[in-house]
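The chain is numbered in sequence order, starting from 1.
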Amino acid sequence: RFARAHPPDFALLTDSPDFNLRLARHLKRMNVPVFYLVAPQVWAWRQGRVKVIRELVDKLYCLFPFEEPWFRERGVDATYIGHPLAHEVRTTSSRAEFFARHGLPESRRTVVLLPGSRTGEVSRHLPILIEAVRILRERFNLSVILATPRGFRSQQALERFREPLDRLSIKVLENETWDCIGHSDLALAASGTVTIEAAILGTPMVTFYRVTPVSWYAGRSLIKAPFLTMVNLVAGREVVPELIQNNMTAANIADAASGLLRDDVALARMRTELGAVRASLSRDGDSFLRVADLMLEDCGAHSRSGTLDVLTSRRE
């Protein structure tokens, strides 16, 4: 209704395909050019959606390099713009400052736990990670950090694990995720955006993910991607171990981590491979400014005035 009352010259729809592809259909009926930022991951599942994207989206802007050829082969006008995190993710303090601030010995190997940011992810992943830490502590003299987002420390998802975290001297650090990753020797990371952040920071990792058994059996046959960890998808091969569903056990995580912690050559090799992933995610300049320039090339001349009014629709 808002778009009909205030007809835009063009629209930039961002992520949220369940909502935005429905909106795109209405906009196309109004003859509004539709641009789409953050390609829906139809290459991984629900591939039938590519027909809808081809029909409704005039230009698709992709954050990952393999997405442009995938969509173009299927008739979608797609352009790779680079990943915005490639120019944003960085540590804010030196390793010495970080370790001194939190009373961590610099001489000791440090492992960071990244169980995910959603309550369900933490509930499924953290007990397994805690047991993996117990096994690793029998093999190595380690410092272990649990990195959490701002405000997460007080949530029930974390409070229920307070006793085993304290017993194993796992330090919980809130709102310092990039420093925690960047200054650790190894990350144990839930598959998701945080693996991209770890790759950009050059931190070797073991990745994992587990869903409920019902979700796994209902959805596994729909997943078409060769890997479930984005770092491996970008690399086109298994650069980092990924332990998914039944393979995500404390013993498997501890063994994969031990193999890296015992082998400096393997750690160095993974850092080199992660550097290649970081380079492939980088483009010169700001990704979002590149989108603005590309949009203006196509539609700026059709604006009804010399300036562009930007109308933002936000779903709370």
Item to check | Verdict with reasoning, Trp178 to Glu197, per side chain to side chain contact (heavy atoms under 4.5 Å, CB included) | outcome: CA-CA 8 Å; Trp178 291 351; Glu197 294 170 338; 3.3 Å; yes
Next on the checklist: The test is salt bridge (charged side-chain N to carboxylate O under 4.0 Å, His left out); show your working for Lys59 and Glu297 and say whether it passes.
Outcome noted: CA-CA 12 Å; Lys59 299 277 187 178; Glu297 287 177 13; over 6 Å; no
Next on the checklist: Go through it in stages, so that I can follow the logic: the residues are Ile135 and Glu131, the test is side chain to side chain contact (heavy atoms under 4.5 Å, CB included), and I'd like the CA-CA distance, side-chain angles, deciding distance and then a yes or no.
Outcome noted: CA-CA 6 Å; Ile135 297 170; Glu131 177 60 17; 4.1 Å; yes
Item to check | Trace of the side chain to side chain contact (heavy atoms under 4.5 Å, CB included) decision for Val52 with Arg25 | outcome: CA-CA 9 Å; Val52 178; Arg25 190 171 298 281; 3.9 Å; yes
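Judged purely by atom type and a 3.5 angstrom limit, Glu242 uses its side chain to pair as donor or acceptor with the backbone of Leu228. Arg90 contributes a side-chain N or O that, together with a main-chain N or O of Glu88, makes up a donor-acceptor pair within less than 3.5 Å. Side-chain atoms of Arg210 come within 3.5 Å of backbone N or O of Met248 as a donor-acceptor pair. No donor-acceptor distance shorter than 3.5 angstrom exists from the side chain of Asn141 to the backbone of Arg108, with no hydrogens or angles considered. Without hydrogens or angle criteria, Arg134 side chain to Ile130 main chain gives no donor-acceptor distance under 3.5 Å. Not a single donor-acceptor pair under 3.5 Å links the side chain of Glu176 to the backbone N or O of Ala147. No donor-acceptor pair closer than 3.5 Å links the side chain of Thr195 to the backbone N or O of Ser191.
In this view, Ala198 and Ile181, Met205 satisfy the side-chain contact (heavy atoms from CB on, under 4.5 Å) rule, not counting sequence neighbours. Judged as a side-chain hydrogen bond (donor to acceptor under 3.5 Å, both in side chains), and not counting sequence neighbours, the contacts of Arg109 are Asp264.
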Side-chain donor/acceptor pairs under 3.5 Å, residues 26-35, sequence neighbours excluded:
{"residue": "Lys28", "atom": "NZ", "partner": "Asp58", "partner atom": "OD1", "Å": "3.3"}
{"residue": "Lys28", "atom": "NZ", "partner": "Asp58", "partner atom": "OD2", "Å": "3.1"}

Side-chain polar contacts of residues 163-171 - donor-acceptor pairs under 3.5 angstrom, sequence neighbours left out - could you list them?
{"residue": "Glu163", "atom": "OE1", "partner": "Arg167", "partner atom": "NH1", "Å": "2.5"}
{"residue": "Glu163", "atom": "OE2", "partner": "Arg167", "partner atom": "NH1", "Å": "2.7"}
{"residue": "Lys171", "atom": "NZ", "partner": "His102", "partner atom": "O", "Å": "3.3"}

I'd like a table of donor-acceptor pairs (distance under 3.5 Å, sequence neighbours excluded) in which one partner is a side-chain atom from residues 268-278, with atom names and distances.
{"residue": "Thr272", "atom": "OG1", "partner": "Ala268", "partner atom": "O", "Å": "3.1"}
{"residue": "Glu273", "atom": "OE2", "partner": "Arg237", "partner atom": "NH1", "Å": "3.3"}
{"residue": "Arg278", "atom": "NH1", "partner": "Ile200", "partner atom": "O", "Å": "3.1"}

List the atom pairs, donor and acceptor, that lie under 3.5 Å between side-chain atoms in residues 251-263 and the rest of the protein, sequence neighbours left out.
{"residue": "Asn252", "atom": "ND2", "partner": "Asn247", "partner atom": "O", "Å": "2.9"}
{"residue": "Asn252", "atom": "ND2", "partner": "Thr249", "partner atom": "OG1", "Å": "3.3"}
{"residue": "Asp255", "atom": "OD1", "partner": "Arg139", "partner atom": "NH1", "Å": "3.1"}
{"residue": "Asp255", "atom": "OD1", "partner": "Arg139", "partner atom": "NH2", "Å": "3.2"}
{"residue": "Ser258", "atom": "OG", "partner": "Arg139", "partner atom": "NH1", "Å": "2.9"}
{"residue": "Ser258", "atom": "OG", "partner": "Ala254", "partner atom": "O", "Å": "2.7"}
{"residue": "Asp263", "atom": "OD1", "partner": "Val265", "partner atom": "N", "Å": "3.1"}
{"residue": "Asp263", "atom": "OD1", "partner": "Ala266", "partner atom": "N", "Å": "3.1"}

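In summary, of the residues considered (Leu281, Leu85, Ile81, Ile196), a side chain to side chain contact (heavy atoms under 4.5 Å, CB included) with Leu63 occurs for Ile81 alone. Shown are Leu173, Thr91, Thr92, Thr110; of these, the side chain to side chain contact (heavy atoms under 4.5 Å, CB included) with Phe98 is made only by Leu173.
Between His87 atom NE2 and Phe288 atom CZ the span is 11.0 Å, to the nearest 0.5 Å. Expressed to the nearest 0.5 Å, how far CZ of Arg283 lies from OH of Tyr80 amounts to 7.0 Å. Distance CG/Leu12 to CE/Met295: 4.5 Å, rounded to 0.5 Å. Of the inter-residue distances, the one linking Leu126 atom CG with Arg160 atom CZ reads 8.5 Å to the nearest 0.5 angstrom. Atoms CG and OG1, from Asn175 and Thr177 in turn, are 7.0 Å apart once rounded to the nearest 0.5 Å. Rounded to the nearest 0.5 angstrom, Arg49 CZ and Leu21 CG are separated by 5.5 Å.
The heavy-atom pair separating Ser184 from Val112 by the smallest distance is OG-CB, 3.5 Å. Listed here is the closest heavy atom pair of Pro8 and Ala3: CD-O, 3.9 Å. What you find for Pro65 and Ser280 is that their closest heavy atoms are CG-O, 3.8 Å. In this structure, Val122 and Pro127 approach most closely via the heavy-atom pair O-CD, 3.8 Å. Taking each heavy atom of Ser93 and His183 in turn, the nearest pair found is O-NE2, 2.8 Å. In terms of heavy atoms, Phe71 sits closest to Pro40 at CZ-O, 3.5 Å.
Between Phe227 and Glu238, the closest side-chain pair of non-hydrogen atoms falls below 4.5 Å. Val133 is listed as a side-chain neighbour of Arg137, based on a closest heavy-atom distance under 4.5 Å. The shortest distance between side-chain heavy atoms of Val172 and Arg162 falls below 4.5 Å. Met230 has its side chain out of reach of His83: every pair of non-hydrogen atoms, C-beta onward, lies at least 4.5 Å apart. Counting heavy atoms from C-beta on, the side chains of Asn20 and Leu23 come closer than 4.5 Å. A heavy-atom distance below 4.5 Å is not found between the side chains of Tyr36 and Ile53. A 4.5 Å side-chain heavy-atom check between Leu146 and Pro115 finds at least one atom pair inside the cut-off.
By the criterion of side-chain heavy atoms lying less than 4.5 angstrom apart, applied directly or through intervening Ile, Leu, Val, Met, Phe, Trp or Tyr residues, Phe66 is grouped together with Leu37 in one hydrophobic cluster. Linking Ile, Leu, Val, Met, Phe, Trp and Tyr whenever their side-chain heavy atoms come within less than 4.5 Å puts Phe140 and Val144 in one cluster. One hydrophobic cluster holds both Leu113 and Leu267 under the rule that ILVMFWY side chains link at heavy-atom gaps under 4.5 Å. Cluster membership for Leu233 and Trp70, using ILVMFWY side-chain heavy atoms within less than 4.5 angstrom, is shared.
For the residue pair Thr229 and Thr207, a side-chain donor N or O sits within less than 3.5 Å of a side-chain acceptor on the partner. Using modelled atom types and a 3.5 Å distance limit, the side chains of Glu121 and Tyr209 yield a donor-acceptor pair.
Ion pairing between a basic and an acidic side chain is recognised when a charged N comes within 4.0 Å of a carboxylate O; Arg72 and Asp77 show such pairing.
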